[in-house]
A.B. asks: 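This structure is in structure tokens; I'll ask about it shortly.
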2 protein chains.
Amino acid sequence: MDLKALETFVWVAHLGGFRTAADRLNATQPAISARIAQLEEELGVRLFDRESRRATLTEKGLNLLGYAERMLALRSEMVQAVAEKGSMRGIIRLGVAESIVHTWLSRLVERLHYLYPAVSLEIEVDTSFVMREELLAHQLDLAFLVGPITEPQLKSVPLCSYELAWVASPSLPLPPEPVPLKDLARWPIITFSRNTRPYGAIQEMFSGGDMPAVRLFGNSSLATVVRMTLDGIGVSAIPPVIISRELTDGRLKVFQAEEPLPRLDFVAAYAKKPDSLMAATIVSLAAEVAATPTAGISL
Amino acid sequence: MDLKALETFVWVAHLGGFRTAADRLNATQPAISARIAQLEEELGVRLFDRESRRATLTEKGLNLLGYAERMLALRSEMVQAVAEKGSMRGIIRLGVAESIVHTWLSRLVERLHYLYPAVSLEIEVDTSFVMREELLAHQLDLAFLVGPITEPQLKSVPLCSYELAWVASPSLPLPPEPVPLKDLARWPIITFSRNTRPYGAIQEMFSGGDMPAVRLFGNSSLATVVRMTLDGIGVSAIPPVIISRELTDGRLKVFQAEEPLPRLDFVAAYAKKPDSLMAATIVSLAAEVAATPTAGISL
DNA sequence: ACAACTGATAAAAATTTTTTATTGACTTGC
DNA sequence: GCAAGTCAATAAAAAATTTTTATCAGTTGT
């Protein structure tokens, strides 16, 4: 009776499939099959109904799930109680909003590697919207994203709050501040991609009936947004903190518009599972790192 | 983090040595070393002090022990809750008093094998005295022995109660019954070995100041006792139930002496450990089997 | 000092687990 | 209804792991 098999079982149960669990656990599907088969053989009981599309738990399986989770929780507790700090090991799937990549992520990674050399990260950069889904689907262990998080299945911890500002190249012939919205709309507005807080806020801003049409360039790469803004293609709405260098050397400037932009409140979020010790540990480290300011992108 | 490693750890802790644990777990000493090393490496913590003769737990080790036991207990509970009856598997070390061997042990083994084909037995026949020690030292999982058991660490369940009687060959020129002790002492008294209830009882019986000297032949094999009695070497004090055949065909006979012999109350006993599910299961089966009478030795 | 213990260790053997590659059973979209 | 796609099962090979064998070095008790 292997803990690895039990863990696999829990993941298959949660994700509803062998294949998905295999991806999630960095293993191949036959390996997952083998582990579940071992468990079923040892217990002499069928744990999943594989008939339908989604592998569903049998009654016995459901029964086992509770025990398996208690078992894994107990293991976590045990490890926390007796393990040397720094002997924590494993792989954690981390989703990160791009703003974080450009502010303090590398410092966190460094510090993490120093304190917990046996912990591997699998970092995925995506929008908060996508990452929230992935957290709920247990495809991410932990994410740093724009809050607030309201899902009760997720635990969230505030990390940092960044101002969002209008930014343009000094070469752009902007009218005197505060720039009215109709003047702003003369240029494309370059910002985060669709399905993000800033994109939505700006879209809303220009959604009134008498508002000028606006060209909104959603972009999945912040570096590209910065590049395009530097090139004078348009104005952008991004957190100034990630372009501190460009601001100090005058290649970009923040300006006031008629309409203010919302702040971005970043939080760390992870599933409230019994064994999310590693996530919790990383979160507190992240909170610490996020509290100290940093340099941004330099292009 | 392997359950096998945790189980090994618990055994080493209980038995106070790698070698002893190796024997107990049917493994070699290097295998035990490897499992403990794995645990220590994963936790980044030393679990045993190996300096002195006896491997003793470190502080961390003591801390782990509690968790490990809870873990194993939870596993037992889990298996009990979801496993198909009959899928119980493992090796259990069973100590058996010889009287049991000659009455119902084989029926138990048969029935056990039928109901739980994956359970192996390692049967050791010894005196109740020795087996009690071995139970306390965790060298036996379960024993069927002469009760009562007073140790609080052990759980005991009554199994059967057998009369102990004076037995002789009909060819032996015994005086009219009840035979006085001084006449009895003319022959060697053949019975169980030293450190057994019957041996002690008889020794006591002849211990008064004015008692005749008695030749007490303690024998570790009941079959030998029966053989010697059949051969008219002396009288014996054994449970008639194991020689029912010899009694019916008249090759042996029970006779009354001046002094009655005590009954032998057999019980099943096992250590009160959190994961003694298998022992408990076997005990209830044994109680069932022991309740139905049986044939004895046939020589 | 020596015999009888202890556990550690290296190398070989055995076992278990994982992967690769393929299959058959089912959905699903057309 | 049929092709395409997805699911898990399976066999064989490869990889990783665990266990054994054999030996060592250190204590302990005589």
Side-chain angles (χ1 to χ4, degrees), chain A residues 1-58 60-61 64 89-91 118 120 137-139, chain B residues 1-58 60-61 64-65 89-91 118 120 122 137-139:
Chain A
M1 175 113 332
D2 201 351
L3 279 178
K4 189 161 59 174
L6 284 176
E7 190 170 22
T8 304
F9 166 74
V10 170
W11 278 108
V12 173
H14 274 137
L15 300 176
F18 285 48
R19 211 140 210 148
T20 340
D23 289 346
R24 188 41 253 239
L25 293 167
N26 306 302
T28 57
Q29 172 262 312
I32 304 300
S33 284
R35 292 184 205 163
I36 299 297
Q38 177 211 11
L39 217 51
E40 288 186 325
E41 211 261 319
E42 269 178 27
L43 295 171
V45 154
R46 181 131 283 231
L47 295 171
F48 291 103
D49 275 329
R50 284 93 153 169
E51 319 314 323
S52 87
R53 201 99 179 83
R54 214 179 137 80
T56 52
L57 284 169
T58 61
K60 289 278 186 187
L64 180 66
R89 69 188 58 223
I91 301 174
S120 302
H138 300 283
Q139 269 148 359
Chain B
M1 174 113 332
D2 202 349
L3 279 178
K4 189 161 58 174
L6 282 176
E7 191 170 21
T8 303
F9 167 73
V10 170
W11 278 110
V12 173
H14 274 138
L15 301 176
F18 285 47
R19 219 135 201 154
T20 339
D23 290 345
R24 187 44 252 237
L25 293 166
N26 306 302
T28 57
Q29 172 263 314
I32 304 301
S33 282
R35 293 184 204 162
I36 299 297
Q38 177 210 13
L39 216 52
E40 289 186 325
E41 211 261 320
E42 270 178 24
L43 296 171
V45 154
R46 181 131 281 233
L47 295 171
F48 291 102
D49 274 330
R50 283 94 151 169
E51 320 315 322
S52 86
R53 205 96 173 84
R54 210 179 143 79
T56 50
L57 284 169
T58 61
K60 290 278 185 186
L64 181 65
L65 184 59
R89 70 187 56 224
I91 301 173
S120 301
E122 242 175 62
H138 301 282
Q139 267 146 3

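Within every chain, numbering begins at 1; the chains are lettered A, B, ... in the order of the sequence lines, protein sequences first and strands thereafter.
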A.B. asks: Roughly, in whole Å, what's the span from CZ in Phe48(A) to C1' in dA25(C)?
C.D. replies: 19 Å
A.B. asks: Over how many whole Å does the gap from Ile36(A) atom CD1 to dT18(C) atom P extend?
C.D. replies: 12 Å
A.B. asks: Whole-Å distance between dG7(C) C1' and Arg46(B) CZ?
C.D. replies: 10 Å
A.B. asks: Nearest whole Å is fine: how far is dT17(C) P from Glu41(A) CD?
C.D. replies: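 Between P of dT17(C) and CD of Glu41(A): 11 Å.
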A.B. asks: Within this structure, what is the CD-to-C1' distance between Glu42(A) and dT16(C), rounded to whole angstrom?
C.D. replies: 13 Å
A.B. asks: dT18(C) phosphate, OP1 or OP2: any side-chain N/O from Arg35(A) under 4.0 angstrom?
C.D. replies: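 Yes, because at least one side-chain N or O of Arg35(A) sits under 4.0 Å from OP1 or OP2 of dT18(C).
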A.B. asks: Need one value for Arg19(A): base, sugar-phosphate or nothing, where a base atom within 4.0 Å counts as base even if backbone is also close, heavy atoms only.
C.D. replies: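 Arg19(A): base contact, heavy atoms under 4.0 Å.
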A.B. asks: Could you tell me how far apart Leu25(A) (CG) and dT19(C) (C1') are, to the nearest whole angstrom?
C.D. replies: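 Spelled out: CG on Leu25(A) to C1' on dT19(C) is 16 Å.
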A.B. asks: Choose from dA8(D), dT19(D), dT20(C) the nucleotide whose nearest atom is closest to any side-chain atom of Gln29(A).
C.D. replies: dA8(D)
A.B. asks: Nearest to the side chain of Pro30(A), which nucleotide is it out of dG7(C), dT18(C), dT20(C)?
C.D. replies: dT20(C)
A.B. asks: Quickly, which of Leu25(A), Leu6(A), Asp23(A) forms a side-chain contact (heavy atoms from CB on, under 4.5 Å) with Trp11(A)? Name it, please.
C.D. replies: Leu25(A)
A.B. asks: Side chain of Gln38(A) only, please: which of dT19(C), dT19(D), dT17(C) is the nearest?
C.D. replies: dT17(C)
A.B. asks: For the pair made of CZ in Phe18(A) and P in dA25(C), what is the distance, rounded to whole Å?
C.D. replies: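 So the two atoms are 18 Å apart, to the nearest Å.
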A.B. asks: Rounded to the nearest 0.5 Å, how far apart are CD of Glu41(B) and CD1 of Ile36(B)?
C.D. replies: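 The CD atom of Glu41(B) sits 13.5 Å away from the CD1 atom of Ile36(B).
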A.B. asks: Apply side-chain contact (heavy atoms from CB on, under 4.5 Å) to the pair Ile32(B) and Arg19(B), showing each step before the final yes or no.
C.D. replies: CA-CA 8 Å; Ile32(B) 304 301; Arg19(B) 219 135 201 154; over 6 Å; no
A.B. asks: Step by step, work out the side-chain contact (heavy atoms from CB on, under 4.5 Å) result for Asp2(A) and Leu3(B).
C.D. replies: CA-CA 6 Å; Asp2(A) 201 351; Leu3(B) 279 178; over 6 Å; no
A.B. asks: OP1 or OP2 of dT17(D) versus the side-chain N and O atoms of Lys4(A): is any pair under 4.0 Å?
C.D. replies: no
A.B. asks: Check whether any side-chain N or O of Ser33(B) sits under 4.0 Å from OP1 or OP2 of dG7(C), and answer yes or no.
C.D. replies: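 Checking Ser33(B) against dG7(C): no side-chain N or O falls below 4.0 Å of OP1 or OP2.
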A.B. asks: How many whole angstroms separate atom CD1 of Ile32(B) from atom P of dT9(C)?
C.D. replies: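 That distance rounds to 16 Å.
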A.B. asks: Would you sort out whether Thr56(B) and Arg50(B) count as a side-chain contact (heavy atoms from CB on, under 4.5 Å), showing the intermediate values?
C.D. replies: CA-CA 7 Å; Thr56(B) 50; Arg50(B) 283 94 151 169; over 6 Å; no
A.B. asks: Return the nearest nucleotide to the side chain of Ala31(B); candidates are dT19(D), dT20(C), dA8(D).
C.D. replies: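 Of the options given, the side chain of Ala31(B) lies nearest dT19(D).
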